[in-house]
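Each chain gets a letter, A, B and so on, in the order the sequences are listed, and its residues count up from 1.
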2 protein chains.
Amino acid sequence: MAKVDTSLVAHLPLFAGVTPEALDEILREARSARYPKNSAIFEQGADAQSFFLLLHGHVRAAKTTPTGEQIVVRYVAPGETFGLAMAIGAVQYPATAMAVDDSVVLIWPTSAWPRLIERFPSLAANTLQTVGTRLQESHTRILEMSTQQVEQRVAHALLRLAKQSGKKLDHGIEIDFPISRQDIAQMTGTTLHTVSRILSGWESQGLVESGRQRIILRDPHRIVVLAERSADSGARRDVSTQDRD
Amino acid sequence: MAKVDTSLVAHLPLFAGVTPEALDEILREARSARYPKNSAIFEQGADAQSFFLLLHGHVRAAKTTPTGEQIVVRYVAPGETFGLAMAIGAVQYPATAMAVDDSVVLIWPTSAWPRLIERFPSLAANTLQTVGTRLQESHTRILEMSTQQVEQRVAHALLRLAKQSGKKLDHGIEIDFPISRQDIAQMTGTTLHTVSRILSGWESQGLVESGRQRIILRDPHRIVVLAERSADSGARRDVSTQDRD
DNA sequence: TCGATAGTTTGCGATAGCGCAAAACGGGAC
DNA sequence: GTCCCGTTTTGCGCTATCGCAAACTATCGA
C-alpha cells in the first residue's frame, strides 16, 4: 500500500505533540480509501471495525430513529476524525457516515487503537480534546433547540457551516459542499418545508442566494443579527417565572 | 487535610486500570469539600480552576443563555466526574454546577491534570470513554428533541433519571433528589406549564405520583410505552418525503 | 433533445404547545 | 399555629410551525 505523506497530516490537532517518527509509525497502520459522492462509509449499527480521518471531501454523519427519521449529527470537514466509536467504548457505530462529495479518508482498524494510545498517549489526550469540544457544541445545539425559534436556529446552522466549510467569494460565502433544504432541516430540528420558506424569505431580502443543494451567504453580517435576536416580536419564552439565581 | 479513603473510589470507571499505589498518589492531589443543598459549585464563565468527582449527593449542571434562559445539561450522580473543562481545552466552565442536595466532592486543581494523565495514561483513556458516552447521550437527546413530541421526551427524561438515580420503592421508583417541573422542562425543551399538565394527566392515570419537587414512577412499564410510541394520533412527522437510502 | 428524477417552492388548514394570568397548594420559619 | 414564599395547577387565547398536496424546476442520462 502506498504510504501516506506525513507532511499532509502532521499539523492536525490530532497529532499535536507527536514526533515525526511516531507519526510515521502511526500512519503505517492506516490505509487510505476513496469514497465517491453519495456512498456510505459506514452504517449506523454496523460493527465499528475502523476509525477514520478525512483528508479530502465532506462527510455527513446522521442518526436514524427506529421509525426512519434522521438527524444530521454533523458535517465532517477535512482534517477531522470520525467514526471514533472505539474511543467511547461502543461496539457499533452510533450513526451513519456518508460522503457528500468525493472523499478521501485514512482508515485505521479499531483494534489498533489501544496499542496506539499506549505507545502515544498524546493521541488519547488530543482525541479527548476534540470529543470534548464536540460535546460542548452538542450542548450548544441543545440550548438552541430549547430556546430559539426555527429561523434563528437555521441562521446559526448556516453560519457554522460557513465558518467550518465556507468558500470566500467576491461577495459572500458559499457553503463548499452540496447541502439540501432537507439536510438543514435535519440539523435544526424542523422540516424541509419550513427551511425552504425561511430561505425564500431571506433570498428576497438579499441575505442569501441559493439553489439546488447550494447556498451562498450574501450578507453574513445581517444573518448574524438574525441569529442573535432574542425573538423580539411578541412570542417570547417565559424567563421571569422561576428564574434561578 | 484528611486523606480520602481509596476503597471508596477504587471501583469507579474513572480509575479502571489504575493500580492502588497510583490511585493513592492521584488522591493525594485532591481535596474534598462539602456543598450544602442549593449552593453553587462553580458558575458558567468562571475560570476553570478545578475539576470534580462527586462522592455523595446530586449536582445539576445547567447552561444559561445571554437572555437568561436555562437548560439542564445533566444531573451528576455519585461516582461521576464533572467540571472537566480542562480536558476539553476550555479555560472557563461552560455551565453552572449547583448542588441540589447536600453533596460531597473531590476537587483537583486543573493544573494537576496534564501531569496526572502523563503519569497515568489510563486516566485519559477512561475520561475519553466517559466524555464519549456523554456525547452519544447528547446526540440522543438532540434526536429526541427533533423527532418526538413533548410528552415522549418527558417520559424518556424521567425514565433516564429513574435509571440513573432512582430509589426502588415497594411499588414504583422514586427519583432520589429534589426536582421541579421547571427542571424537567429545562431537560426536555419545554415549559413548566406543559410539564405540569403532562404529569397531572399521568397522575390521574396512576402512572406517577408526584408533588413538590418529588416524583415517583408508579408504573414505569407503561411510561416506557408512552416514551416509545411513535406519535400515533394523526400528527406524525414527514418521513416519506426525501427519505435517504 | 427530451424525459425522468430529485430537489424546491408555495398555499392552506390543523394543532401542539406556548405565553399569560390567577388561583391553589404545601412546607418551612418563627 | 400562622404567615409567607416558592411551586404547582389550570383555563384560555394565540401562533409558530407542522403536515399535506400540488406545482414547479434544475440536472443528468439516454
Rounded to whole Å, how long is the line connecting atom [atom1] of [X] with atom [atom2] of [N]?
X	N	atom1	atom2	value
B:Arg214	C:dG28	CZ	C1'	16 Å
B:Asp183	D:dG6	CG	C1'	13 Å
A:Gln148	D:dA16	CD	P	16 Å
B:Glu209	C:dG26	CD	P	13 Å
B:Lys37	D:dG6	NZ	P	14 Å
B:Ile184	D:dT8	CD1	P	8 Å
B:Ile215	D:dT8	CD1	C1'	12 Å
A:Glu203	C:dT10	CD	C1'	14 Å

Between B:Val150 and A:Leu199, who's closer to the 5' end of DNA chain C by nearest nucleotide?
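Looking at the nearest nucleotide for each, A:Leu199 comes out on the 5' side.
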Is any side-chain N or O of A:Gln182 closer than 4.0 Å to OP1 or OP2 of C:dG7?
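Checking C:dG7 against A:Gln182, no side-chain N or O comes under 4.0 Å of OP1 or OP2.
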So, does A:Thr190 get its side chain near the phosphate of D:dC18, meaning an N or O under 4.0 Å from OP1 or OP2?
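Affirmative; the distance criterion is met.
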Test salt bridge (charged side-chain N to carboxylate O under 4.0 Å, His left out) applied to A:Arg34 - qualifying residues, sequence neighbours left out
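Residues passing salt bridge (charged side-chain N to carboxylate O under 4.0 Å, His left out) with A:Arg34: A:Asp102.
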Could you work out, with side-chain hydrogen bond (donor to acceptor under 3.5 Å, both in side chains) as the rule, every residue matching [X], not counting sequence neighbours?
X	answer
A:Thr81	A:Arg134
A:Ser196	none
B:Ser138	A:Ser138
B:Thr65	B:Thr67, B:Glu69

Mind telling me whether B:Phe52 and B:Phe82 have parallel, tilted or perpendicular rings, with 30° and 60° as the class edges?
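Rings of B:Phe82 and B:Phe52: parallel, as their planes differ by under 30°.
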Within residues 171-179 of chain A: residues closer than 4.0 Å to DNA chain C (heavy atoms)
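Nothing qualifies; none.
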What residue pairs, at least two apart or across chains, pass ring pair (Phe, Tyr, Trp, His ring centres under 6.0 Å) with a residue in residues 157-188 of chain A?
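Pairs touching residues 157-188 of chain A that pass the test: A:His58-A:Phe177, A:Tyr75-A:Phe177.
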Qualifying ring pair (Phe, Tyr, Trp, His ring centres under 6.0 Å) pairs, either residue in residues 137-156 of chain A, two or more places apart
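Every pair satisfying ring pair (Phe, Tyr, Trp, His ring centres under 6.0 Å) with a residue in residues 137-156 of chain A: there are none.
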Test: salt bridge (Lys or Arg N to Asp or Glu O under 4.0 Å). Region: residues 187-209 of chain A. Which pairs qualify, not counting sequence neighbours?
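Passing the test, one end in residues 187-209 of chain A: A:Glu209-A:Arg218.
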Restricting to pairs with a member in residues 143-164 of chain B, which pass salt bridge (Lys or Arg N to Asp or Glu O under 4.0 Å), not counting sequence neighbours?
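Counting only pairs at least two positions apart or across chains, the salt bridge (Lys or Arg N to Asp or Glu O under 4.0 Å) contacts touching residues 143-164 of chain B are B:Glu144-B:Arg160, B:Glu151-B:Arg229.
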Produce the list of close N/O pairs, under 3.5 Å, pairing protein atoms with atoms of nucleotides 1-6 of chain C; give distances to one decimal.
unit_1 : atom_1 : unit_2   : atom_2 : d
C:dA6  : N3     : A:Arg212 : NH2    : 3.0

B:Thr147 side chain to B:Leu143 main-chain N or O, any donor-acceptor pair under 3.5 Å?
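Yes, B:Thr147 side chain to B:Leu143 backbone: donor-acceptor pair under 3.5 Å.
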Show the distances under 3.5 angstrom between N or O atoms of the protein and N or O atoms of nucleotides 10-14 of chain D.
unit_1 : atom_1 : unit_2   : atom_2 : d
D:dT10 : OP2    : B:Ser200 : OG     : 3.1
D:dT10 : O4     : B:His193 : ND1    : 3.2
D:dG11 : N7     : B:Arg197 : NH1    : 3.2
D:dG11 : O6     : B:Arg197 : NH2    : 3.2

